[in-house]
Amino acid sequence: MSHPKTIVEKIWDQHVVHEEEGKPNLLYIDLHLIHEVTSPQAFEGLRMAGRKVRRPDRTYATMDHNVPTIHRNIIKDEVSKKQMETLKTNCEEFGVRLADINHPDQGIVHVIGPELGLTQPGKTIVCGDSHTSTHGAFGALAFGIGTSEVEHVLATQSLWQAPPKTLQVNVDGVLGTGVTAKDLILAIIGKYGVRFGTGHVIEYTGEAVRNLSMEERMTVCNMSIEAGARAGLISPDATTIDYMRGKRYVPEGKDFDEAAEQWLALASDEGAEYDQTLTIHADEIEPQVTWGTNPSQCVPVGGRVPDPDSIEEDRDGIERAIEYMGLEANQSIESIPVEHVFIGSCTNSRLSDLRKAAEIVRGGRVHEGVRALVVPGSKSVKDAAEAEGLDTIFLTAGFEWRDAGCSMCLAMNDDIVPPGERCASTSNRNFEGRQGNGARTHLVSPEMAAAAALEGHFVDVRKYASTVGG
Amino acid sequence: MEPIKQHRGLVYPLDRSNVDTDQIIPKQFLKRIERQGFGQFLFYNWRFNEDGTLREDFSLNDPKYDGASVLVGGENFGCGSSREHAPWAIQDYGFKVVIAPSFADIFYNNCFKNGILPIQLPKPVVDQLMEKATKEKYEVKVDLEKQIIDDGDLEVSFDIQSYHKEMLLNGWDEIAVTLTYEDKIDQYEKQNKGVKTLGIS
Ligand code: SF4
């Protein structure tokens with residue numbers, strides 16, 4: 001047998017179309033996901049050059065970034081409307097399948113790929129969206145690309161890519177009660193910063209990662225890009241195989257068994273070498289809340305906003321962040337009031353996220369002065385949640401229950417946090433203005449967001465000990 | 001794409017780290033379906049007040065930097081969203097070269113597709129450039145062929161992958177280049193026995 005390999009090396013080797021001295025590899029792309037915001041210029045480029053989509057059958061489009069999550073078919077913003085219409089026309093012209101706004105499969109691109117079984121272990125997957133890393137949860141090599149590369153993949157089903165370096169993030173031990181996958185990834189980024197992954201593909205390993213469900217794994221891999229990584233993935237195991245079974249685009253019967261065998265063989269070999277390894281202890285992690293304007297600026301919920309005077313590195317940046325966020329140095333996190341709560345986004349809008357938030361909310365009441373929104377990640381998540389009555393739990397408590405889309409994660413539709421107002425959000429980016437110009441975002445888990453909605457400020461969700469699962 | 005061989009231009013220093021693509025171009029401008037015309041929205045929330053007037057506290061609005069074409073930034077420049085609207089805005093505003101101690105991967109890649117030369121230099125060197133450009137009107141000459149930045153006083157060399165260099169020097173249409181390998185792609189597709197996705201042949 002050749003030397004022990006990481007899953008990244010294995011997938012890479014299987015996808016090299018061409019290699020040549022002094023050039024990156026030409027890498028084959030198995031699946032290309034498309035949405036309305038980063039594709040119009042790519043299709044236009046094809047049209048201008050008289051090119052076709054090489055493999056429409058390996059391309060799948062949806063509408064998510066712009067779509068209204070209420071009054072579905074009234075799109076007031078003419079420019080958004082045009083962008084959606086453009087996607088529709090482009091898909092028709094180039095023969096690409098599209099789950100458009102009223103389609104039963106519509107949803108956030110990183111929610112529907114896995115849900116439909118388009119996302120599979122061992123595939124190379126790209127999308128003009130940085131959170132494509134989500135699909136790495138399945139042991140796929142999935143990464144975000146720019147619009148020129150979208151055009152390149154449409155035309156050639158391939159990309160020039162230099163082999164990435166590998167970075168193992170090993171999480172040993174067990175996550176405590178009330179501590180979620182979101183807290184895990186925030187704590188990792190909090191500890192190592194927003195660029196420790198640059199130039200690398202992260203592979204998450206260790207007991208705590210193995211114990212995560214597929215949906216939790218997606219939450220972790222989703223935020224790899226916030227660590228600067230090109231992609232993040234987790235080797236397939238029994239949890240992966242169980243999830244894949246019965247998905248629409250996955251083979252059945254004997255074919256499935258064969259596929260499962262191939263998928264499991266992709267897992268990193270014992271003794272495989274990584275360019276770097278970091279270790280984190282799961283039992284030290286507590287529920288996290290970001291206080292600043294990038295995801296590494298987070299502390300445990302029992303903590304305080306840092307004091308720039310006591311910090312050497314990037315003092316200006318920290319001061320600027322505290323000012324933008326309207327906070328005080330040393331202020332306790334639990335004393336921060338919230339005006340908006342957003343449960344949604346490709347990080348935390350899947351059925352299990354909504355179930356966990358609903359457990360906290362059940363029987364409670366949204367705090368006065370708080371506007372709380374639940375936006376399921378896809379139409380099918382929404383249907384499933386309604387089938388088990390989650391919508392009623394949220395609505396009774398005073399939450400709004402919306403249709404699927406990116407919504408307040410990036411506020412390209414009408415779901416906007418007004419300037420200076422504060423939002424507890426289950427999304428992945430707390431950048432300046434992300435949820436609206438001047439909006440102040442605090443990233444948290446769905447459980448923590450739900451608890452903040454009820455109390456009107458951040459609270460340690462572990463105080464709801466009877467409802468948070470172990 | 002317009003080739004870049006040499007470029008001489010005024011330096012604009014943006015002394016902030018982790019400048020993300022949401023700052024470079026806020027999302028309300030991502031709805032356009034064209035590739036041009038994004039320069040007017042560059043750093044929009046930093047450049048403009050709510051009422052559309054210029055913010056005096058943002059350095060790019062200082063007339064001293066009018067016509068700048070070399071942007072010097074901090075660590076992790078271009079992090080966040082993959083939106084190519086970010087390099088489109090930078091390029092359309094008039095920047096041809098971006099220098100930083102480190103770049104986010106997707107942004108770095110996107111630059112080459114749009115005729116922007118991203119140059120990574122050690123932090124102390126970037127700090128030096130930043131300081132000079134903050135003090136006075138400061139011009140540098142960038143020679144891609146020789147991989148050198150020169151301000152008449154200081155001369156520094158930089159690294160760049162040969163493939164990226166070729167691309168900018170020649171102003172290549174990358175798709176046209178790849179299509180010369182079409183037979184290899186055909187061959188790969190014929191041989192590849194990976195797992196099929198139903199409905200996808
Ligand atoms: S939910 Fe947010 S992060 Fe995810 S794809 Fe949509 S806009 Fe991007």
Side-chain angles (χ1 to χ4, degrees), chain A residues 14 17-18 22-24 26 28 30 37-38 40-41 44 49 51 57-58 66 77 79-80 82-83 86 117-118 120 122 128-130 144-149 151-152 155-158 160 162 194-195 198-199 228 230 248-251 259 262 294 314 317 410-412 429 431-434 437, chain B residues 15-18 20-23 26-28 30-35 45-46 50 74-76 79-88 102-107 109-110 113-114 161-163 166 173-179 181-182 184-185 187-189 192 194-201:
Chain A
Q14 287 176 11
V17 172
H18 175 73
K23 272 200 172 153
L26 188 60
Y28 194 76
D30 293 320
V37 177
T38 54
Q41 293 87 352
E44 182 60 19
R51 292 172 179 143
D57 58 329
R58 289 181 177 267
N66 271 338
D77 180 353
V79 202
S80 290
K82 176 117 187 264
Q83 206 166 48
T86 305
L118 289 164
Q120 293 176 3
D129 190 283
S130 58
I145 55 178
T147 298
S148 296
E149 289 173 315
E151 185 180 339
H152 191 280
T156 70
Q157 205 58 36
S158 66
W160 294 97
V194 288
R195 52 175 187 269
T198 307
R230 286 171 71 178
R248 176 149 10 125
Y249 289 107
V250 170
Q262 285 181 40
N294 76 50
D314 195 27
L410 93 166
M412 269 183 86
R429 283 190 178 136
F431 296 162
E432 285 183 25
R434 173 78 178 181
N437 192 12
Chain B
D15 194 7
R16 299 186 182 194
S17 42
N18 304 316
D20 58 73
T21 53
D22 276 73
Q23 299 317 319
K27 72 245 154 193
Q28 63 266 39
L30 307 184
K31 295 174 182 172
R32 299 160 60 99
I33 54 170
E34 303 84 21
R35 222 177 247 258
N45 294 336
W46 288 344
E50 288 272 303
E75 298 266 17
N76 203 25
C79 58
S81 145
S82 63
R83 60 187 71 160
E84 200 160 316
H85 311 69
W88 293 338
S102 58
F103 288 94
D105 292 330
I106 303 179
F107 177 84
N109 257 314
N110 279 341
K113 326 273 177 193
N114 293 285
Q161 281 178 31
S162 56
Y163 177 74
E166 291 286 300
D173 167 3
E174 199 183 25
I175 296 177
V177 174
T178 308
L179 287 175
Y181 296 88
E182 216 172 359
K184 302 245 177 193
I185 304 172
Q187 218 175 16
Y188 178 90
E189 284 181 340
N192 182 27
V195 174
K196 294 263 190 319
T197 301
L198 294 186
I200 292 188
S201 45

Check: For S158(A), is it the side chain, the backbone, both, or neither that has a heavy atom closer than 4.5 Å to a heavy atom of chain B?
Finding: side chain
Note to self: What part of T147(A) gets within 4.5 angstrom of chain B, counting heavy atoms only: side chain, backbone, both, or neither?
What the structure shows: both
Next item on the list: Against chain A, label A176(B) side chain, backbone, both or neither, depending on which of its atoms sit under 4.5 Å from a heavy atom there.
Entry: both
Notebook entry, point to check: For the candidates N437(A), T86(A), T38(A), which exhibits the highest count of non-hydrogen atom pairs separated by less than 4.5 Å from chain B?
Noted result: N437(A)
Checklist line | Contact origin within Q187(B) toward chain A - heavy atom pairs under 4.5 Å | finding: neither
Next item on the list: Walk me through it: do E84(B) and S148(A) pass the test side-chain hydrogen bond (donor to acceptor under 3.5 Å, both in side chains)?
Entry: CA-CA 8 Å; E84(B) 200 160 316; S148(A) 296; 2.3 Å; yes
Check: Listed by chain and number, what are the side-chain hydrogen bond (donor to acceptor under 3.5 Å, both in side chains) partners of K82(A), not counting sequence neighbours?
Finding: none
Check: When you check the side-chain N and O atoms of Q14(A) and Y28(A), is any donor under 3.5 Å from an acceptor?
Finding: no
Note to self: Using heavy-atom distances under 4.5 Å, tell me whether E189(B) contacts chain A through its side chain, its backbone, both, or neither.
What the structure shows: side chain
Note to self: Please rank R230(A), K23(A), E44(A), M412(A) by heavy-atom pairs under 4.5 Å with chain B and give me the top one.
What the structure shows: M412(A)
Check: Considering only heavy atoms, which portion of F103(B) lies under 4.5 Å from any heavy atom of chain A: side chain, backbone, both, or neither?
Finding: backbone
Item checked: Reported OG1-to-NZ distance for the pair T156(A) and K184(B), which is rounded to 0.5 angstrom -> 15.0 Å
Notebook entry, point to check: When you check the gap from the basic side-chain N to the acidic O, do R51(A) and D173(B) get nearer than 4.0 Å?
Noted result: yes
Note to self: For W88(B), does the six-membered ring have the charged nitrogen or CZ of R83(B) within the cation-pi criterion, i.e. under 6.0 angstrom from the centroid and within 45° of the normal?
What the structure shows: no
Note to self: I'd like to verify something: which residue of E174(B), E166(B), Q28(B), H85(B) has the highest number of heavy-atom pairs under 4.5 Å with chain A?
What the structure shows: E174(B)
Margin query: Using a 4.5 angstrom heavy-atom cutoff, name the option from P40(A), G146(A), G128(A) with the most pairs to chain B.
Written below: G146(A)
Checklist line | Salt-bridge contact D77(A)-K31(B) (side-chain N to carboxylate O under 4.0 Å) | finding: yes
Next item on the list: Might you confirm whether atom CG of D15(B) has over 12 heavy atoms from other residues, nucleotides or ligands at distances under 6.0 Å?
Entry: no
Next item on the list: Go through the atoms of I106(B) and report whether side chain, backbone, both or neither lie under 4.5 Å from a heavy atom of chain A.
Entry: side chain
Next item on the list: Without swapping roles, check the side chain of S81(B) against the backbone of T21(B) for a donor-acceptor pair under 3.5 Å.
Entry: no
Notebook entry, point to check: Relative to chain B, which segment of A49(A) carries a heavy atom at a distance below 4.5 Å: side chain, backbone, both, or neither?
Noted result: neither
Notebook entry, point to check: Tell me, side chain or backbone of Q23(B) under 4.5 Å from chain A's heavy atoms, or both, or neither?
Noted result: side chain
